[in-house]
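Convention: sequence-line order gives letters A, B, ...; per-chain numbering from 1.
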2 protein chains.
Amino acid sequence: MVLAEAGGLCEDRRTARPRSPDFGGTRVALVRLVIARCQVDYVGRLTAHLPMAPRLLLVKADGSVSIHADDRAYKPLNWMSPPCWLEEQPGVWTVRNKVDESLVITIDEVLHDSKHELGVDPGLVKDGVEAHLQELLAAHPGVLGEGYTLVRREYMTAIGPVDLLCRDADGRSVAVEIKRRGEIDGVEQLTRYLELMNRDPLLAPVAGVFAAQQIKPQARTLAEDRGIRCVAVDYDALRGTESKDLRLF
Amino acid sequence: MVLAEAGGLCEDRRTARPRSPDFGGTRVALVRLVIARCQVDYVGRLTAHLPMAPRLLLVKADGSVSIHADDRAYKPLNWMSPPCWLEEQPGVWTVRNKVDESLVITIDEVLHDSKHELGVDPGLVKDGVEAHLQELLAAHPGVLGEGYTLVRREYMTAIGPVDLLCRDADGRSVAVEIKRRGEIDGVEQLTRYLELMNRDPLLAPVAGVFAAQQIKPQARTLAEDRGIRCVAVDYDALRGTESKDLRLF
DNA sequence: ATCTATATTTCGAGG
DNA sequence: CCTCGAAGTATAGAT
């Protein structure tokens with residue numbers, strides 16, 4: 001490995017730790033960090049060029065390569081997503097994928113080069129996304145309208161699933177679209193569902209409710225113009241109602 | 001700096017190089033790479049937890065902090081975008097931002113810790129995005145339809161600019177929406193424009209053309225159902241027509 | 001500041 | 001494998 005020798009190599013020396021499942025004999029999953037003066041040329045979905053400058057090259061075990069500057073938060077200047085393959089020549093790295101996109105990294109000087117074994121990550125536990133909001137509203141349809149009852153979650157139509165299908169106090173169908181943030185896209189989506197469902201004589205008439213933690217003014221205007229009722233949902237309050245024994249932060 | 005001492009510190013020792021413009025006296029922009037066994041808790045737009053495991057911590061000069069596993073391409077498991085502030089305590093990093101989102105990184109063991117000066121990146125040069133496609137189609141409206149002529153690029157309406165306004169062979173107005181990849185959103189967008197423009201007696205009737213390098217089947221179906229014609233554009237061929245002296249890949 | 005449209009979006013689920 | 005919807009989307013441009 002040419003460039004590994006060029007920089008100050010710092011290999012991890014830790015021993016017994018949960019191993020990556022693909023660790024059988026010779027290959028160990030490693031993340032590799034290189035600081036180098038480099039130039040980058042990408043040809044693929046677009047064409048992009050980075051002039052020679054010092055940057056961070058991050059090579060992960062999944063095969064991905066990303067080129068970072070010391071800015072733009074976590075987004076790299078340039079990258080190649082897996083599956084892809086890195087070929088190292090002295091002074092030139094070439095990363096290629098199946099559809100023949102390529103990233104050519106011309107390296108002028110290596111300032112640091114180290115590898116580190118991380119193993120398989122136990123993974124992220126999330127809470128508070130749309131799924132949970134849907135779950136809570138399904139359990140408490142009264143929040144959407146007085147006397148509402150749930151008919152079905154993920155009610156399937158020809159063009160996709162409606163988040164909730166409810167019935168109002170008078171027994172009429174209501175299609176509910178749930179978003180964390182209510183924007184125009186969501187209104188359009190619900191409009192398509194309503195258009196389709198109202199053509200079905202077994203369902204029609206179907207009213208619409210657009211529920212979100214926060215609804216943008218333009219989305220609200222568009223929705224109301226189309227006769228769709230908007231409901232701003234207080235997620236934390238709803239979660240509090242749901243279970244008092246749930247630990248809150 | 002507590003943790004810098006704990007790991008094997010490798011500071012860059014390079015000297016004369018173009019400096020960051022914000023380099024005045026004491027502060028130099030550095031990227032910091034830490035490999036550590038850590039646990040992460042994020043509370044903000046959602047709540048997320050990462051159990052203790054070895055990971056890469058990337059701290060950039062813009063203040064951002066990102067936590068990477070050895071997979072998922074360039075996307076970190078968790079992060080905090082600038083502007084935000086990192087407070088280091090022995091064994092605990094706390095990253096906080098203005099709206100009081102927080103990222104708490106509990107560090108069990110530091111396996112590597114280095115800092116590197118990169119300076120300001122000269123930046124990325126791109127080519128081949130939607131703007132270029134629009135430019136090419138504006139120069140060759142005949143590709144959109146026999147006898148089409150260009151009236152205006154970015155024709156402004158009350159709800160935004162229509163990519164191209166053309167006239168067909170019979171002198172009728174045609175609104176053209178251009179996308180790299182034609183999806184349902186684009187059809188909705190064009191539909192809104194057409195609805196509005198067809199209310200204007202000076203323009204009506206206005207036909208619609210949806211042009212893209214690739215048009216998804218659902219988008220095509222929706223468009224055609226609404227009387228919008230779809231045109232698949234061969235970008236490379238069009239670019240070839242545009243200028244023979246342009247180097248092709 | 002708000003809103004719109006784009007992104008080499010990435011990522012995951014479901015057919 | 002595609003197709004679709006969600007994302008702590010982020011980001012840039014226009015109003």
Side-chain angles (χ1 to χ4, degrees), chain A residues 40 42-48 62 64-67 72-82 84 95 97-99 101-103 123-124 126-134 154 156 158-163 177-181 183-186 188-189 192-193 212-213 216-222, chain B residues 42-48 64 66-67 71-82 84 97 99 101-103 124 126-131 133-134 154 156-163 177-181 183-186 188-190 192-193 214 216-221:
Chain A
V40 185
Y42 166 73
V43 178
R45 278 165 280 187
L46 58 68
T47 302
D62 61 7
S64 66
V65 178
S66 36
I67 298 118
R72 301 157 210 243
Y74 69 71
K75 192 151 198 215
L77 291 162
N78 224 324
W79 69 92
M80 189 75 89
S81 297
C84 64
V95 192
N97 68 8
K98 228 182 300 192
V99 293
E101 297 177 309
S102 72
L103 196 63
L124 189 67
K126 284 185 184 183
D127 176 32
V129 281
E130 186 195 319
H132 197 200
L133 196 58
Q134 187 190 111
E154 302 285 349
M156 195 46 79
I159 55 170
V162 175
D163 288 337
E177 178 65 34
I178 301 166
K179 294 279 181 236
R180 195 175 61 77
R181 290 188 314 190
E183 298 180 25
I184 268 180
D185 286 12
E188 298 287 15
Q189 195 181 338
R192 288 197 298 275
Y193 289 137
Q213 276 187 271
K216 294 280 179 80
Q218 288 216 347
R220 180 181 290 274
T221 304
L222 182 65
Chain B
Y42 166 75
V43 178
R45 278 166 281 188
L46 58 67
T47 301
S64 66
S66 36
I67 297 119
D71 61 3
R72 308 162 201 237
Y74 72 70
K75 194 154 197 213
L77 290 161
N78 223 324
W79 69 94
M80 190 74 88
S81 299
C84 65
N97 69 8
V99 293
E101 297 178 309
S102 72
L103 196 65
L124 189 68
K126 285 184 184 184
D127 175 32
V129 280
E130 187 195 321
L133 195 58
Q134 187 190 112
E154 303 286 349
M156 194 47 76
T157 74
I159 55 170
V162 176
D163 289 337
E177 177 65 34
I178 301 167
K179 294 278 182 235
R180 195 171 63 78
R181 290 188 314 191
E183 299 181 22
I184 267 180
D185 284 11
E188 297 287 15
Q189 193 182 340
L190 180 53
R192 287 197 298 271
Y193 289 137
Q214 196 188 18
K216 295 279 178 80
Q218 288 214 347
R220 181 181 290 273
T221 304

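Contact of the L103(B) side chain with the N78(B) side chain is registered, since non-hydrogen atoms from C-beta on lie closer than 4.5 Å. Contact annotation: the side chain of S64(A) never approaches that of S81(A) to less than 4.5 Å [non-hydrogen atoms, C-beta and beyond]. K126(A) is not listed as a side-chain neighbour of H132(A), based on a closest heavy-atom distance of 4.5 Å or more. In this structure the side chain of E188(A) reaches within 4.5 angstrom of the side chain of L222(A), judged on heavy atoms.
Nearest-nucleotide mapping onto DNA chain D: of Y193(A) and L103(B), the residue sitting toward the 5' end is Y193(A). Of the two residues near DNA chain C, K216(A) and L77(A), the one whose nearest nucleotide lies more 5' is K216(A). Both K179(B) and P217(A) sit near DNA chain C, but only P217(A) has its closest nucleotide nearer the 5' end.
Counting any heavy atom pair closer than 4.0 Å across all strands shown, E101(A) reaches no nucleic acid atom. Within 4.0 Å (heavy atoms only), I184(A) reaches sugar-phosphate atoms of the nucleic acid but no base atom.
For the C1' atom pair drawn from dA6(D) and dA7(C), the interatomic distance equals 15 Å after rounding to whole Å. The P atoms of dC11(C) and dT11(D) are separated by 16 Å, rounded to the nearest whole Å. Rounded to whole Å, the separation between the P atoms of dG8(D) and dA5(C) comes to 23 Å.
K216(B) pairs by the salt bridge (Lys or Arg N to Asp or Glu O under 4.0 Å) definition with E183(B), not counting sequence neighbours.
Side chain of L124(B), nearest nucleotide from dA5(C), dC3(C), dT8(C): dT8(C). Of the candidate nucleotides dG8(D), dA6(D), dT8(C), dA6(D) has the atom nearest to the side chain of E177(A).
Per the geometry, NE2 belonging to H132(A) stands 17 Å off P belonging to dA6(D), to the nearest Å. One atom, CG of D185(B), and another, P of dG5(D), lie 9 Å apart when rounded to the nearest Å. Remark: P of dT6(C) and CG of L133(B) are 11 Å apart, rounded to the nearest angstrom. If you measure from atom CD of E130(A) to atom C1' of dG8(D), you get 14 Å, rounded to the nearest angstrom. Note: CG (N97(B)) to C1' (dG8(D)) measures 10 Å, nearest angstrom. Between L46(B) atom CG and dA7(D) atom P the separation is 9 Å, expressed in whole Å. The nearest whole Å value for the distance from the CG atom in N78(B) to the P atom in dA10(D) is 12 Å. Following rounding to the nearest Å, L190(B) (CG) and dA5(C) (P) show an atom-to-atom distance of 12 Å.
For the atom pair CG (L133(B)) and CZ (R180(B)), the distance works out to 10.0 Å, reported to the nearest 0.5 Å. Rounding to the nearest 0.5 angstrom, the gap separating the CD atom in Q189(B) from the CD1 atom in I184(B) is 13.5 Å.
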inquiry  = Generate the contact string for nucleotides 9-15 of chain C. Rules: B means base contact, S means sugar-phosphate contact only, - means no protein heavy atom under 4.0 Å.
reply    = SSS----
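Checking side-chain atoms of T221(A) against main-chain N and O of P217(A) turns up a donor-acceptor pair under 3.5 Å.
OP1 or OP2 of dT8(C) sits under 4.0 Å from a side-chain N or O of K126(B).
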